[in-house]
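To start, the structure under review is shown below, and the notes come after it.
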Amino acid sequence: MNLVQILPFVLIIGVMLLMTRSAKNRQRQATQMRDQMAPGSGIRTIGGMYAVVKEVNEDTVLLELADGVHAHFAKNAIAAVLDQAEYDRVVHGIDPEPELEAHDAEDSEDAEKADERVDLGKSADDVATEDAPKTDGTDKK
């Protein structure tokens, strides 16, 4: 056989090996993440449901979906274990307090630019003038 004939087979085998290796790495990371679950940690299921872990068993997890509402889920159904700040942000709408630190002149310039925001929405005056009849005779009402 010629090298030109063997090269496509070698490339296909190489690509297959790389794909299986990355899939194994993702599976290993998911298993580690699920093993890090502890009672009290917030999670997101593969269906997009957010809950708090109450109990971790060998293959299942007891989740509190709402106050007093519990359900058993398979560990494989857990998509992500969230840190407390992200869980509070998503579920309760609590944003973490931004740390305000002004170390140099660049920070103060950025703060001045942030204060100069432009409001692109309609004000109450604009809405009132739209509802008022036009005096130049072009009113369609």
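All residue numbers refer to positions in the sequence shown, counting from 1. Just so we're clear, the structure is a prediction, and the values are computed from it rather than from any experiment.
The main-chain N or O of Gln5 is never found under 3.5 Å from a side-chain atom of Asn2 such that the two would form a donor-acceptor pair. Using a distance-only test at 3.5 Å, with no hydrogens or angles considered, a donor-acceptor pair links the side chain of Glu64 to the main chain of Gly68. A donor-acceptor pair is defined here as one N or O able to donate and one able to accept, closer than 3.5 Å; no such pair exists between the side chain of Gln29 and the backbone of Arg26.
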| field | Criterion side-chain contact (heavy atoms from CB on, under 4.5 Å) on Ile43 and Thr45, from CA distance to verdict | value | CA-CA 7 Å; Ile43 57 98; Thr45 66; 3.8 Å; yes

| request: Walk me through it: do Arg34 and Asn76 pass the test side-chain contact (heavy atoms from CB on, under 4.5 Å)? | output: CA-CA 8 Å; Arg34 290 180 183 119; Asn76 292 340; 4.1 Å; yes

| request: Just do the side-chain contact (heavy atoms from CB on, under 4.5 Å) check on Phe73 and Ile46 with the steps written out, would you? | output: CA-CA 11 Å; Phe73 279 79; Ile46 58 174; over 6 Å; no

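Defined by atom type and a distance below 3.5 Å, a donor-acceptor pair is present between the side-chain atoms of Thr60 and Asn57.
For the atom pair NE2 of His72 and CG of Asp59, the computed distance is 13.0 Å after rounding to the nearest 0.5 Å. Rounding to the nearest 0.5 Å places OG of Ser41 at 10.5 Å from NZ of Lys54. How far NE2 of His70 is from CG of Leu62: 5.5 Å, rounded to the nearest 0.5 Å. To the nearest 0.5 angstrom, Ile6 atom CD1 is 12.0 Å from Leu11 atom CG.
In this structure, Val91 is a member of the same hydrophobic cluster as Leu82, with clusters built from ILVMFWY side-chain heavy atoms closer than 4.5 Å. Under the 4.5 Å side-chain heavy-atom criterion for Ile, Leu, Val, Met, Phe, Trp and Tyr, Leu7 and Leu18 are members of distinct hydrophobic clusters. Linking ILVMFWY residues whenever their side-chain heavy atoms come closer than 4.5 Å, directly or via other members, places Tyr87 and Val90 in the same cluster. By the criterion of side-chain heavy atoms lying less than 4.5 angstrom apart, applied directly or through intervening Ile, Leu, Val, Met, Phe, Trp or Tyr residues, Val81 is grouped together with Val61 in one hydrophobic cluster.
For the side-chain contact (heavy atoms from CB on, under 4.5 Å) test, residues two or more places apart in sequence or in another chain that qualify with Val56 are Met37, Pro39, Val53, Lys75. Taking the side-chain hydrogen bond (donor to acceptor under 3.5 Å, both in side chains) definition, one finds that Arg21 meets it with nothing, sequence neighbours left out.
Around atom CD of Gln27, no more than 12 heavy atoms belonging to other residues, nucleotides or ligands sit under 6.0 Å away.
In this structure the side chain of Arg44 never reaches within 4.5 angstrom of the side chain of Met49, judged on heavy atoms. By the 4.5 Å heavy-atom criterion applied to side chains, Tyr50 and Leu63 are not counted as neighbours. Between Ile13 and Val15 there is no side-chain heavy-atom pair separated by less than 4.5 Å.
Identified under the salt bridge (Lys or Arg N to Asp or Glu O under 4.0 Å) test for residues 7-20, with sequence neighbours left out: none.
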